[in-house]
Visitor: 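Take a look at this one; I'll ask things after.
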Protein chains: 4
Amino acid sequence: MEGVRAMTGQLRADAKRNRDQILAAARELLVNQGVGVPMEEIARHAGVGVGTLYRRFPDRVALLRALSVHTVEHMTELARSALRTEPDAWSALSHFVRECVALRLGALRSIVDPQLHTALHQSDEVRSARKELLRIVEQMIITAQADGSMRTDVGVVDVAMLVSLHLKRPFDVPGTMPEELDARLTQLMLDGLRPASASPLPGKPIALADVDWHGDR
Amino acid sequence: MEGVRAMTGQLRADAKRNRDQILAAARELLVNQGVGVPMEEIARHAGVGVGTLYRRFPDRVALLRALSVHTVEHMTELARSALRTEPDAWSALSHFVRECVALRLGALRSIVDPQLHTALHQSDEVRSARKELLRIVEQMIITAQADGSMRTDVGVVDVAMLVSLHLKRPFDVPGTMPEELDARLTQLMLDGLRPASASPLPGKPIALADVDWHGDR
Amino acid sequence: MEGVRAMTGQLRADAKRNRDQILAAARELLVNQGVGVPMEEIARHAGVGVGTLYRRFPDRVALLRALSVHTVEHMTELARSALRTEPDAWSALSHFVRECVALRLGALRSIVDPQLHTALHQSDEVRSARKELLRIVEQMIITAQADGSMRTDVGVVDVAMLVSLHLKRPFDVPGTMPEELDARLTQLMLDGLRPASASPLPGKPIALADVDWHGDR
Amino acid sequence: MEGVRAMTGQLRADAKRNRDQILAAARELLVNQGVGVPMEEIARHAGVGVGTLYRRFPDRVALLRALSVHTVEHMTELARSALRTEPDAWSALSHFVRECVALRLGALRSIVDPQLHTALHQSDEVRSARKELLRIVEQMIITAQADGSMRTDVGVVDVAMLVSLHLKRPFDVPGTMPEELDARLTQLMLDGLRPASASPLPGKPIALADVDWHGDR
DNA sequence: GATGAATGAGCCTTCATTCAT
DNA sequence: CATGAATGAAGGCTCATTCAT
């Protein structure tokens, strides 16, 4: 029984609850205060001791990695659900992107320290979660390009990198920017991906197959 | 004499040299290593002792502020020069944006800590430097919109915020992304600002006059 | 029944097995990794949870004490057996010493923290186990001195302290020292105890009766 | 000037004083409390802040290394001086050994953690200091063996390892052991090195040339 | 009883800033 | 003035021990 637990990643009920609380706390604090948040503050926020946090995630990088995977998986669900609900591929893509932005799913875009950034992505779990997401998005793109609703000189990686620029929570002095700013910027970005606007781009479309290390969350 | 010097912001030649070396070192290290760089490393890189650094800039925030002003002033020069050289307003704007991206003028976009971010902008010097830049860019925009080469539902602040998203140095695992990626993303963004692509935006254009705290560097 | 069990130090079979496994694990890890080994690692090595370890030994000192007693008792058996097997007292003594060294019976000589060391010896069990051992060794010595095979200006405590110096596992860069080193050093020590070599010693022979706190394990 | 300072290992007067105080404090605390002493306590004892300690010695291992070199150099002086003062090689050797024991020059023999031990000796400075010492001692030994005052079946490394066993400060409950104990044990050891006592040793004499990693302080 | 999760005190180390030389 | 030494607060992490399951 214990063995099965370990294999399937099951944890004792309370341990699982703690783990989830920690991830939630980390996510919130990261969004609001940047990657620098003290581990102790994350622990306190999650209602546990530091020791518990460290038992679950051996160090800061491990925590960020788990969070990263968690986020990417969330995005994958959103993408799948958009494909199901929306009438066509372009609507699905833009709906998906708007949701990601609105849900602030880019907490980890904040990571600006190169060591940390690299460490974060040296994880198969992170990489494979991202690859799965990108595969779905690539399908959306190919379909949208086929039916003429999207410019054809871009690949998933172009799109992923572009979108990821919009996923960083902007730390503006609160209240000085209109609510709709995020939505406006996102729409401007999406408009740039339409065929009508296409002006020549340097280089060639970058597809999933063209990079080793695939896009960024 | 000393008094005049102080008043006009003149410094003795070597002092000026020190100041410039420090700013250059800070800029380089910030770009390459993120905002975490120790003051001592900046000093070493600049070839001075920490003491000297602190004499010039009372604390870390002051240094970052100075760097911010310096960068914005650099951008202002680029904008002016683009207006002079380019045939029309839209070319000027896009040329200017491409230059900023290429020169990695967004080192401080890296700042992700909200306290720090706020502190940075609580400076009249920073604010007025930015206001000056935005005034010029606003002129470009208005002209470009008047001659039909730019969509009319955006304001400077929209554009500034959008551009600023592209100014952050992307910390990718080195060598995995094609050289042209930055240029491609920039072009996609510019294409989104063209009239051909315009789809309805939520809210209204945000102009310089619409915000208290004006855009972001 | 339970009462009798408790009194006679009997434990249920599995409990006894646990206890022994823990002691064995502790001994091995102590020998190989120094006194710093985490309790949790000892438990894991013994194939039990920490909880079990703590049920058996209320704290780290208690564990070390038990180990100490265990070791001393082992030495006592070796001494007795040597007396039975060897033709004379000196052979018995030297055989016994060589065995102790070879079996690395000095794991706890590693204890270098004075608080810990003191705590360890503030235990009647430890003290009486050691006293028993020393009584036997004292017999060997007296007999050997009487038949002229050992110098007469030393007492058990001298010998015990001397031997104990050789019981610490030497942490050398593995493989750089010849296998026989331990045996060579032990022999050099034994040779120093022979009458032929005797040169005057400061002070007087220290016998069991001369000290309060008797020798060292 | 500064350059010269760096090259010759010269420090500003106050810095040098601090460095010495730190080494002295470390030595004392190590002798009395084992290698576990908190860095902070060493700093306090030396009358400086932790920061200062860490500026001088980047980490605990560096401090221990410095101390090790310092000690070995001290021993080297003692050995040289003994050679000068004593009438013959054997007297020089035994005088030297007695002095080392009396001065408690074995604080670092306390190091029982194998990682730490290894780390300590992965230092050219430590190794070359030790090699120099061992060369001198080897001379003493060869000469003493030549004039018949020392058994001929041992090499420096044998002697060094043997002596090093006696250099660890014994942590006995204070006051329970007679003052002369150390001197008695040392004498017993020296007697074992005399020709009169020689009984056959397993293996062959281990000389400086026979090991890669040379003895242990 | 056994297990391993949770706790938190404590040590190590870094770095912004101050101050003696 | 420039320098770099000193300081100490703050954060990361470990591990002995307790306690819920």
Visitor: How close or far is atom P of E:dT13 from atom CZ of D:Phe57, stated in whole angstroms?
Guide: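 Going from D:Phe57 (CZ) to E:dT13 (P), I get 14 Å.
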Visitor: Suppose we define a pair by two distances each less than 3.5 Å, Watson-Crick or G-U wobble; what does F:dA5 pair with here?
Guide: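 With both distances under 3.5 Å, F:dA5 matches E:dT18.
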Visitor: For C:Ile22 and E:dA2, give me the distance from atom CD1 to atom C1', rounded to whole Å.
Guide: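 Going from C:Ile22 (CD1) to E:dA2 (C1'), I get 11 Å.
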Visitor: I would like to know whether D:Val61 and D:Gln122 meet side chain to side chain contact (heavy atoms under 4.5 Å, CB included); could you show each step before the answer?
Guide: CA-CA 10 Å; D:Val61 169; D:Gln122 272 165 352; over 6 Å; no
Visitor: Whole angstrom is fine here: how far is it from CZ in A:Arg17 over to P in F:dA20?
Guide: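 My rounded result for the distance is 14 Å.
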Visitor: Assess whether a salt bridge exists between C:Arg127 and C:Asp124, defined as any Lys/Arg side-chain N lying under 4.0 Å from an Asp/Glu carboxylate O.
Guide: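 Looking at C:Arg127 and C:Asp124, the cut-off is met.
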Visitor: Has B:Arg56 got a side-chain N or O lying under 4.0 Å from the OP1 or OP2 atom of F:dA2?
Guide: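 The answer is yes; a side-chain N or O of B:Arg56 sits under 4.0 Å from OP1 or OP2.
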Visitor: Does the side chain of A:Thr52 get closer than 4.0 angstrom to OP1 or OP2 of E:dA5 through an N or O atom?
Guide: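 No, A:Thr52 has no side-chain N/O under 4.0 Å of OP1/OP2 on E:dA5.
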Visitor: Starting from the 5' end of DNA chain F, give me the residue, B:Gly49 or D:Gly47, whose nearest nucleotide shows up first.
Guide: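 Per heavy-atom nearest nucleotide, the more 5' residue is B:Gly49.
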Visitor: Can you tell me the distance, in whole Å, between the CD atom of D:Gln33 and the P atom of E:dC11?
Guide: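 It works out to 11 Å between those atoms.
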Visitor: Summarise how protein sits on nucleotides 12-18 of chain F as a single string, 5' to 3': B when a protein heavy atom is under 4.0 Å from the base, S for sugar-phosphate-only contact, - for no contact.
Guide: SBB-SBB
Visitor: Return yes if some donor-acceptor pair links the side-chain N/O of D:Ser68 with the main-chain N/O of D:Leu64 below 3.5 Å, else return no.
Guide: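 The answer is no, because no donor-acceptor pair under 3.5 Å joins these two groups.
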Visitor: Select from C:Val48 and A:Leu53 the residue whose nearest nucleotide in DNA chain E is closer to the 5' end of that strand.
Guide: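 Whichever sits nearer the 5' end wins; that is C:Val48.
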Visitor: Could you state the CD1-C1' distance from D:Ile42 to F:dT7, rounded to the nearest angstrom?
Guide: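 Taking atom C1' of F:dT7 as the reference, CD1 of D:Ile42 is at 18 Å.
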Visitor: Show, in sequence, the C-alpha distance, side-chain angles and deciding distance for B:Leu23 and B:Phe57, and conclude whether the side chain to side chain contact (heavy atoms under 4.5 Å, CB included) test is met.
Guide: CA-CA 10 Å; B:Leu23 282 176; B:Phe57 307 96; 4.1 Å; yes
Visitor: Nearest whole Å is fine: how far is E:dT13 P from D:Leu63 CG?
Guide: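 Taking CG of D:Leu63 and P of E:dT13, I get 10 Å after rounding.
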Visitor: What integer distance in Å separates B:Arg19:CZ from F:dC1:P?
Guide: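 About 15 Å, once rounded to whole Å.
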Visitor: What distance separates C:Gln33 CD from C:Glu41 CD, expressed to the nearest 0.5 Å?
Guide: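 The CD atom of C:Gln33 sits 5.0 Å away from the CD atom of C:Glu41.
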Visitor: Choose from F:dA2, F:dA5, E:dA5 the nucleotide whose nearest atom is closest to any side-chain atom of A:Asn18.
Guide: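 Among F:dA2, F:dA5, E:dA5, the one nearest the side chain of A:Asn18 is E:dA5.
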Visitor: I want to check one thing: is the phosphate of F:dA2, taken as OP1 and OP2, less than 4.0 Å away from some side-chain N or O of B:Arg55?
Guide: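 It does, given that an N or O in the side chain of B:Arg55 lies less than 4.0 Å from OP1 or OP2 of F:dA2.
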Visitor: Rounded to the nearest 0.5 Å, how far does CZ of D:Arg27 lie from CD1 of D:Ile22?
Guide: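 If we round to the nearest 0.5 Å, D:Ile22:CD1 and D:Arg27:CZ are 15.5 Å apart.
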Visitor: Go ahead and name the base partner of F:dC13; Watson-Crick or wobble counts if both distances stay under 3.5 Å, otherwise write none.
Guide: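 F:dC13 is paired, partner E:dG10.
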Visitor: Run the salt bridge (Lys or Arg N to Asp or Glu O under 4.0 Å) test against B:Asp59 and tell me which residues pass, sequence neighbours left out.
Guide: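 Once residues adjacent in sequence are excluded, B:Asp59 has no partner under the salt bridge (Lys or Arg N to Asp or Glu O under 4.0 Å) criterion.
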